[in-house]
Undergrad: 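One structure follows; several queries about it will come next.
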Amino acid sequence: MSITSQESSVYIPIIGTEDFVKHSPDLAINPAVNDLSNTVNLLHQRLVMLQDNSKQPITAKSIITEYNKMKQDRSNNFLFARLDNIASQLGANICNTFNTIQYDIKPTVDKLQTKIEQMTAKSMEEDEVVDDNGDTTTEVETSDFDKIEGTMNGEENICENFKAMSGLKADFNFKNIYLLYKNRTFAVDNINMDDETEKENLERFETEEGASVQDTEMVWRLITNNRALSAYAYDLFAESALNGNYIKCMTNMSEAVDKVYPILLKFQRFTLNTSDAVNEVFRKNLQKVFNVITTGAYTLMAIKNTYNKNDALVIAGDSKKILLNADVANQAHLSNDAIIRHMRIKYFKDEKPIPRNGVKAKEVKENEEKEEQEFEKDKATKQIRTASKRRNAMSKAMSTVLYDYLVNTNPDKLPKGVDGKQFAKENAGVIKAFANRLESTSDRNLQNSLYEFVINIWHRNTPVAAAHKLFGQEVVKQLSLKPSLESIDVKMIDTSVAVEIATNFLVNRLCTVK
Amino acid sequence: MTNNELKLSKKMLTYLVCMDIVKSAISGVGSTNAISNVESANIITEKMAEAVDKKKGVKR
């Protein structure tokens, strides 16, 4: 924008009163110093002439009017061209400064910041400190009972199938379940089929039924191999029924309904390309595998029944993840926070195992208030400790990342005869100083510190350093007026900084204070 | 024109010239173009006053 194209009357609302003129900044340009002063003097002479001729009273408004007229007068072009020249040089300098900050320093700082934050987060994770309270984050999941029952057509259907298959009452007796396994109820017969026929049948099955090779092979092994099915049944329910390893049954049953059960259903409608006698054995064996799955589902219901009878809310887990019994959780009306708090205080802190029959909802409720108070009391101390750990981890990460950054400096930027390693070594003290004072005051946060570091290394005592300082001051000023900055505030900050650089230049270089 | 009027017109002219130089210099820098003329004139006025005060050693 050229000066002559500017309409100076825009300043009238601000300076167009006599009162303003009386209190206006006492600007005086030293005539000996520069061309600008001479230009202003020449313009002033012309202005005085114009005003003398007009015989109008001298006011701020009349001066602005005459000044605008002078801009339109071609005979003054050479004077305004000098002003344009100064403005464009000043503008180019400011532009370069802004571009250096935006396109060179900012991307560098962003990269360094990301690296330092990642390294800090990793270090905190290794220390198992991941939230502000100094604790690990504990996920809460609910049991899969409903999903498994749903896949197997509901509780009633599972019990009926179990009764039909075993001839027993569905009284959720773990001993009877184990005896079914022990008595080889699920033993399969040998299927008399040569390898080639088996291969051909399985390939046809996979193609026709859209089943994966891996899952098909696994289920086929259960149908045809007595040992495999026996081991599967042991893992699926017998061990749980015998030793109370309920969670194992739950995990394995969840996998069984996802993987094994759908393949069994597909095999049920499939006929092997072989003799009727072999097909008959195959059908019988298939039913045995169904029986194993049914018994697994029935065992799981017995486990659920045990949990519900015992008011078991938390049935498994560790400091990272806990598993809730959905039925009890739905009735207990306890918050996840309360449950996690109880588990941390009563179990995870001292690595106490979760009881086989789960942690009762009553136990959590009874301790809820006391534990909340205890937790709040410890919270402040823990937060301070965590903040301190985080600061130390970040400071350490900062030292490492900045040293590495200087070692890998583009050789073109380095002083002559100095390599990256030497340069980093020479600046080790600077790195240490920045890392040590990190977060020692509110404005020494990571981002600010990195800006200061990069500027200190590459732009010390330059307009870039001054401009960055001005940006910081403007941001603080704006944030003292409102809680957060919006896009318009950022634009105002840009303008303020650019203006400040320009005015400081004009006042410091061109003006003498009287 | 009296001496006082001369002083006044010189001050005003100097002020207007500086305003114009600053306005022209900052045009196109960063996002300054997104600010209205009146707003940027306000900022220029404030910053010029600050710079002069600083030069004079006046604490604001």
Side-chain angles (χ1 to χ4, degrees), chain A residues 1-3 6-8 10-11 13-15 21 24-29 36 39-41 43-44 47-48 51-52 58 60 63-64 66-67 83-84 86-91 93-95 98 102 487-488 490-492 494-508 510-511 513, chain B:
Chain A
M1 187 194 292
S2 75
I3 285 170
Q6 292 180 47
E7 175 53 56
S8 299
V10 71
Y11 307 134
I14 307 155
I15 62 171
V21 175
S24 64
D26 189 5
L27 287 177
I29 293 174
L36 177 60
T39 311
V40 171
N41 282 339
L43 283 169
H44 187 231
L47 183 80
V48 170
Q51 293 212 302
D52 279 346
I58 308 294
I63 294 168
I64 291 169
E66 296 302 344
Y67 177 66
L83 301 185
D84 274 339
I86 292 171
S88 69
Q89 282 182 38
L90 196 51
N93 278 328
I94 297 169
C95 221
F98 272 52
Q102 191 178 355
S487 124
I488 185 70
V490 176
K491 288 166 187 167
M492 292 291 270
D494 265 10
T495 308
S496 288
V497 172
V499 167
E500 190 151 353
I501 295 171
T503 52
N504 279 342
F505 175 85
L506 289 173
V507 172
N508 287 327
L510 306 176
C511 299
V513 177
Chain B
M1 203 181 265
T2 65
N3 270 349
N4 275 348
E5 285 173 335
L6 269 173
K7 264 188 179 176
L8 169 66
S9 64
K10 179 73 180 292
K11 267 188 192 176
M12 275 299 297
L13 179 71
T14 308
Y15 192 74
L16 291 170
V17 165
C18 283
M19 289 281 253
D20 277 347
I21 291 175
V22 175
K23 179 81 181 138
S24 177
I26 66 162
S27 103
V29 173
S31 49
T32 52
N33 283 353
I35 302 293
S36 74
N37 278 344
V38 174
E39 276 172 328
S40 58
N42 265 327
I43 295 172
I44 296 170
T45 307
E46 187 193 326
K47 293 292 177 190
M48 279 176 65
E50 271 178 24
V52 171
D53 279 355
K54 218 192 292 174
K55 184 91 178 165
K56 284 165 138 183
V58 175
K59 281 188 181 169
R60 289 170 72 91

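In what follows, chains are A, B, ... by sequence order, proteins preceding strands, each numbered from 1.
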Undergrad: So, for A:Ala87 and B:Ser24, which heavy atoms are closest and what is the spacing to 0.1 Å?
TA: CB-OG, 3.6 Å
Undergrad: Quick check for you: to the nearest 0.5 Å, what is the distance between A:Ile64 atom CD1 and B:Met19 atom CE?
TA: 8.5 Å
Undergrad: Atom CG in A:Asp494, atom CD1 in B:Ile43: separation rounded to 0.5 Å?
TA: 10.0 Å
Undergrad: Can you check whether B:Leu6 reaches A:His44 side chain to side chain, under 4.5 Å on heavy atoms?
TA: yes
Undergrad: So which of B:Met12, B:Lys11, B:Lys10, B:Glu5 actually passes side chain to side chain contact (heavy atoms under 4.5 Å, CB included) with A:Ile63?
TA: B:Met12
Undergrad: Find the distance between SG (A:Cys95) and CD1 (B:Ile26) and round it off to the nearest 0.5 Å.
TA: 11.5 Å
Undergrad: Search all heavy atoms of B:Leu13 against all heavy atoms of A:Leu47 and return the closest pair with its distance.
TA: CB-CD2, 4.3 Å
Undergrad: Just how far is it from atom CD of A:Glu66 to atom CG of B:Leu16, taken to the nearest 0.5 Å?
TA: 12.0 Å
Undergrad: Looking at every non-hydrogen atom in both residues, tell me the closest pair between B:Asp20 and A:Tyr67 and how far apart they are.
TA: OD2-OH, 2.6 Å
Undergrad: Chain B heavy atoms under 4.5 Å from A:Leu43: which part of the residue, side chain, backbone, both or neither?
TA: both
